[in-house]
Each structure stands twice: as structure tokens, then as C-alpha cells.
Amino acid sequence: MKKQLSIFAIAAAGLFSSCSKFLDRQPLSQVAPDQYFNNDNEQKFYLNSFYSAFPSAEGVYNEDIDNVVKQSLSDQVTGRRTVPLTGGNWTWTELRKINYYLDNYNRVMPQAQVNRFAAVAKFFRAYFYFDKVQRFGDVPWYTHAIDYQDKESLTKPRSPRKVVVDSIIADLDFAIANMDVATFPQSTEMVSKYTAMALLSRVCLFEGTWKKYRNEAGWEALLEKSAAASQQLMSTGLYKIYKSTPNKAYLELFASIAPNKDEIILARTFSNELSVWHNVNYYTITSSYGKPGLDKELVNSYLMADGSRFTDIPRYDTITFYGETQNRDPRLSQTIRTPGYSRIGTNNPLVPDFGASVTGYQLIKFVTDMSFDSYNRSINSMPIFRYAEVLLNFAEAKAELGTLTQADINASIGQLRERVAMPNLDLAAANANPDPYMAAQYPAVTGANKGVILEIRRERRIELVMESHRWNDLMRWQSGQSVVRQFKGMYFPGAGQYDLDRDGKIDVHIYTGDKPSPAVAGVQYFKLGKDIELENNAGNVLINRTTTKTFQENRDYLQPIPIQERQLTNKILTQNPNWNDGL
């Protein structure tokens, strides 16, 4: 465990930076390849430098699209992205490290002996390129490290998206076939063939649905590949959904310092001993990071505990906080503070703190005990791939193909529902009565499987919230308009005093005129129209009411190519549609 921990933790701490600097710049002048990669240890050491490609902890939990909203909105959401002069995620140093290795790894050791190491490098190349495809679409595909004098490669045009995706899939197929379990066993902290299966499932689902919702050919084969990769991983029997008790299993999974090996396929780990920390506790309990909170639309989407729809309740949109949190999918009370919540390790009930959550739906997912509350001192692990996503990928791919069966649901969505003692999803019932609330969110979903596709999207959003999947999900579903609606928080029927948890004590006082005096300890005071805005002065808390949000359907599904990169190639590198860079 300690050896594996050090790989991720050292990468997070940047202790490989001196190594990676020369590898990125001119590795051939620093390392003679015929004198290196002589044995397994040298091969593994170089491969370890690739782990810095994975997201930081903030790259996992710091989601701010339309699930989690903050005081200020990202440029993605507001439509204010501009074409950057340079940067803009158009970076290639990680790829140079990978391709340099693939150019040289087999110079000393026999090919059959080193294919297992090449498999890891090809996994990371696939991971690198998948990120680029999601951001930019067409990108240049490189199979070799580029020399700074290689003008032809440096000015190479963008490769067609299909070529890049097919190459990603080929790399992952190689990784799955060649990453032997003796050298790379199942591990939560090092990639293995099981990680490659999970990534293949993710890649093919993304690209298959991207194509389907844009009426492009070839989507069926990609979704079949996603379902097959998911099923391959499911059939290993190595992973299962973590269960303890319905009122804490989901929360425990994300508060754990050591990754739960039953469900976590790959995680980023942290350590007091190695001085590698992150900031999730502080992020959720202070006002310093935008006061993140769940959006009302997502809160409405959680089912009742009996599997019925909350939004089918008459006047559901005027139910106040205590009422709306009763008898719901237990994941709601394990994602936000609800009545009766207390911090891990304490019995002190806490109500939502509007000083730390702009919507009032205060996040508790990933929050650990109070000993980690100081700035940048959290050490719980952060999932990069987990089995729940693979099950969701499997169900969605088959639903979109029209081949989903109740047995498939039992093996996938049913496992997630069972974790929290929720009734299973019924395929026939879902398709017979599609949810109008969900249908309004995703108008592009049609056909005989409309109901079950909507339910799988509900399940995905709830299960994976705060894990930074949402933007890419909306992009592949061609649902960018979801981000331009008015974000909302809790419902209050007007000015007055509110006991949020019904313990007999006032928690929130919304007032007009002068602030009540003397102030009562423990009460959160807000002046209506100044400290807090309510819809029509009697309704949901409004977030960023005056901020204009736009999403251009003909532009914003892809990021722009930086201006300087286009200039350096004399515009051989083309711009994405409708991004005006003046060239």
C-alpha cells in the first residue's frame, strides 16, 4: 500500500517535476535510450511519471456547472469564453513523455517482454487524447515524440475526430490485451487492465452518444463497444458496489482515506506523512470558494424513498426544506445537510449554513471529520474511476441502443439502488410513463426507450454528482441549454422566521426593514432583496439573478484553438466553428 500510495502522492506533490522537465523538453539529449529501459524497474520508474496526468482533487470535487452552483459562475456557464492567445488546455508535454517512451522502450529488452509496459503507456496516451477530443474535437494525432526541428510534424493539421477516436480505442484494446495482472495487478492506485476497461467504457459511451444526438453515422458500434467493455469488467467479479447501511454507505465511500477496493477502480490518494493534502472540507464549510450548493433542479430530481417521483407531488415546488427532505432517496441526505445531520465523529446536529452554501443545500459529500477542517488539510482519497460509473455506462449504452433488458437493469442500476435500499428501476413502467420533469430537461430524448433513458440520466446525475462528469455529459447529449436556466436554491414563502430542522429553534430569519435587535445566537439573518433574493419575494432563493447566461449551439460544444498555435502553423491548424479569433 505504501509503495502504491507514494506513486500518486509523489505525482501530486510534484516531486517528479525535475525528471519530467528534461523528459518533456529534449529527452534524447539527457537520456541515451540504448542505455536505459534495461530492466523492469527502469521501465516502471519512467511509467510512474505519467500519473501526473490525472486530475487533482479539485479536478474531481470542484464541479460548478449546473449540479453545484456558486456565487460566481464559470465562463463555460455564462457563455463568456473567448479565444485565448495561448494555453487554453492546448498542451502537449504529457504526450511527448508518452511518445518518447513508446519510441524507445523496446531498444534493449525483447518486444514480447516489454509489451506489458507499453500497454501502460498506451493507456495514458488514450487518456490524454480522450481529454483533447472532449475539449476540441479534431486534434493532431501523433505517434512519435516530435523533434523541435521537425517542421512537418509541428505544423501538422488536425486529424479527423474519427481517426483520433479509433486510435484511442486501439490503444485501449492493446492495453487490455497486454497489461498482465502479475506486473500490474488490480490496484486502486496504479493503472491495470481493469482501469483500461473502465476508460474504454467511458470513451465509447461519450463518442457514441455524441454521434447519436448529432445524427452522425457509427454511433451504434461505439455504444456496443461501451456496453461490451463495461460487461467485460462486470464479469471479472473483482468489483462490487460498497454497502454498509443505507443511511451511510454512500457517504462513507467518499469520506474514506484509503480507497475502497471493492468499488474504486482508481483513485488519487493523499497523505499527512508525505505532506500531500487537498481542500475539500474547507471548501464546503467556508465562504472562501464561492459557497457551493446543489441546485434546486437536482434536489427535485431525487426520487422518494419508495421510488415514486417527488415532482409528481401536487405543489412540490412550494414544499419547504424540512418537508422536501423527508422520505427521499437516501443519497440526498448523504450529499447535502438535511435535518438530523451531524459531522462524522460527532452527535451535534447541524443545519445548512447559508454562509457556506449559496443555495442552502450545503454539500457533505467528501466531507470528513473536523480534524481535517483547516485550509488544505484533507487526505481522503478522490475517485478517478469507480465501478458505479461503469454500471451506469453499461445501462445507458444498452438503453440508447434499444437492447436494454430488465436483467441488464438488475445487474447495473439495481446495484446502485440496492446500496441505499431503494426500489429497483422498472424498465416497462419507466417507458410506459416517462417523467415529464425529466423530459423537460432533455427534450432530445425520444422513442420507445425515452422513459428509461431519462431515468438512467437521473441516476447518473445523482450518483456521480460532485465528481465532475456533468459538463461532458451535457456536451455529449447536446444539452448545452441546461446551463442557461435560472439556478435556484431553497424555497421560502416570504419574509419570516424558519426552523429548518424542526427542533424548535429558529435557524433562518429573513427580514424586511431594519435587522431585528437584539440578534439571537445561532440564527442566520438575511435582509430580503439585499442579503437574499427570493423569486417574486416569496419563492426559491435565486442565484446570480442578474447574470446573463448564453450557450451558442453552433459554437460552445467545443473549445477554441489558441490564436498563437494557429499563427505558428500559418493557420494550417484550423479553428473550431464560430470561434472568431481574427485570423
Side-chain angles (χ1 to χ4, degrees), residues 1-12 15-16 19-20 23 27 31 33-54 94-95 97-128 143 168-203 229 232-239 258-269 381 383-387 390:
M1 164 97 180
K2 282 212 170 191
K3 182 178 179 182
Q4 293 175 348
L5 171 65
S6 66
I7 290 171
F8 251 124
I10 290 172
L15 298 183
F16 272 116
C19 175
S20 61
L23 293 174
V31 176
D34 57 351
Q35 297 174 14
Y36 201 65
F37 305 130
N38 289 298
N39 52 55
D40 288 7
N41 286 337
E42 289 181 353
Q43 298 272 355
K44 286 181 177 180
F45 181 79
Y46 192 100
L47 294 174
N48 288 345
S49 70
F50 298 161
Y51 282 77
S52 60
F54 287 127
E94 291 296 327
L95 179 64
K97 281 195 299 186
I98 295 164
N99 278 342
Y100 169 73
Y101 172 81
L102 289 170
D103 286 343
N104 296 290
Y105 73 101
N106 57 355
R107 292 201 178 195
V108 178
M109 299 172 68
Q111 185 69 50
Q113 190 176 345
V114 293
N115 277 345
R116 57 198 162 127
F117 301 114
V120 175
K122 290 192 175 186
F123 168 89
F124 278 101
R125 185 165 67 185
Y127 187 87
F128 171 89
T143 58
I168 290 169
I169 292 171
D171 273 355
L172 290 173
D173 284 340
F174 183 92
I176 293 167
N178 290 280
M179 215 182 303
D180 70 298
V181 295
T183 310
F184 301 102
Q186 178 193 9
S187 169
T188 57
E189 294 156 274
M190 295 182 66
V191 299
S192 65
K193 66 169 56 200
Y194 313 113
T195 324
M197 292 174 194
L199 180 56
L200 183 59
S201 166
R202 183 186 291 181
V203 168
Q232 184 180 13
L233 186 57
M234 293 159 67
S235 68
T236 64
L238 293 171
Y239 299 98
N260 182 286
K261 67 178 182 179
D262 286 343
E263 181 168 345
I264 304 300
I265 300 169
L266 189 74
R268 184 175 281 282
T269 54
S381 58
I384 297 170
F385 293 95
R386 66 182 179 100
Y387 189 52
V390 174

Between CG on residue L233 and CG on residue L199, distance to nearest 0.5 Å: 12.0 Å

Side chain to side chain donor-acceptor pair (under 3.5 Å) partners for N99, two or more places apart: R125

Test item: side-chain donor near acceptor, Q43 and N39, under 3.5 Å: no

Side-chain donor or acceptor of K261 paired with backbone N/O of S187 under 3.5 Å: no

Centroid separation Y101 to Y46 less than 6.0 Å: yes

Over all atoms of both residues, closest heavy-atom pair of S235 and Q232: OG-O, 2.8 Å

Spacing of Q186 atom CD and T236 atom OG1 [to the nearest 0.5 Å]: 7.5 Å

Centroid-centroid under 6.0 Å between F174 and F123 rings: no

Check: Y127 ring centroid to F50 ring centroid under 6.0 Å: no

Step-by-step side chain to side chain contact (heavy atoms under 4.5 Å, CB included) determination, F124 to E94: CA-CA 9 Å; F124 278 101; E94 291 296 327; over 6 Å; no

Any side-chain heavy-atom pair of R268 and Y51 under 4.5 Å: no

I264 side chain near S381 side chain, heavy-atom distance below 4.5 Å: no

Point-to-point distance, once rounded to the nearest 0.5 Å, from CG of D103 to OG1 of T143: 7.5 Å

Backbone of M109 reached by a side-chain donor or acceptor of Q113 within 3.5 Å: no

NZ/NE/NH1/NH2 to OD/OE distance under 4.0 Å, D40 and R116: yes

For the student: nearest non-hydrogen atoms of P185 and S192, plus distance: O-CB, 3.6 Å

Aromatic ring pairing F117/F184, orientation class (parallel under 30°, perpendicular over 60°, tilted between): perpendicular

Non-hydrogen atoms of A196 and L172 that approach each other most closely: O-CD2, 4.2 Å

Any F385 side-chain heavy atom under 4.5 Å of R202 side chain: yes

From CG (D173) to CG (L200), nearest 0.5 Å: 6.0 Å

Backbone of I176 reached by a side-chain donor or acceptor of K193 within 3.5 Å: yes

S52 vs K97 side-chain heavy atoms within contact, under 4.5 Å: yes

Note, L266 side chain near F54 side chain (heavy atom, < 4.5 Å): yes

Heavy-atom side-chain contact between L238 and Y387 under 4.5 Å: no

Atom pair CE (M190) and OG1 (T195), whose distance is rounded to the nearest 0.5 Å: 10.0 Å

V390 side chain reached by I265 side chain, heavy atoms, under 4.5 Å: yes

Those residues that, when tested against Y194, pass ring-ring contact (aromatic ring centres under 6.0 Å, His included) (two or more places apart): none

Distance, nearest 0.5 Å, that separates CZ of F45 from CG of L47: 11.0 Å

Proximity of Y36 and Y105 rings by center, below 6.0 Å: no

Closest non-hydrogen atom pair, A121 against I98: O-CG2, 3.4 Å

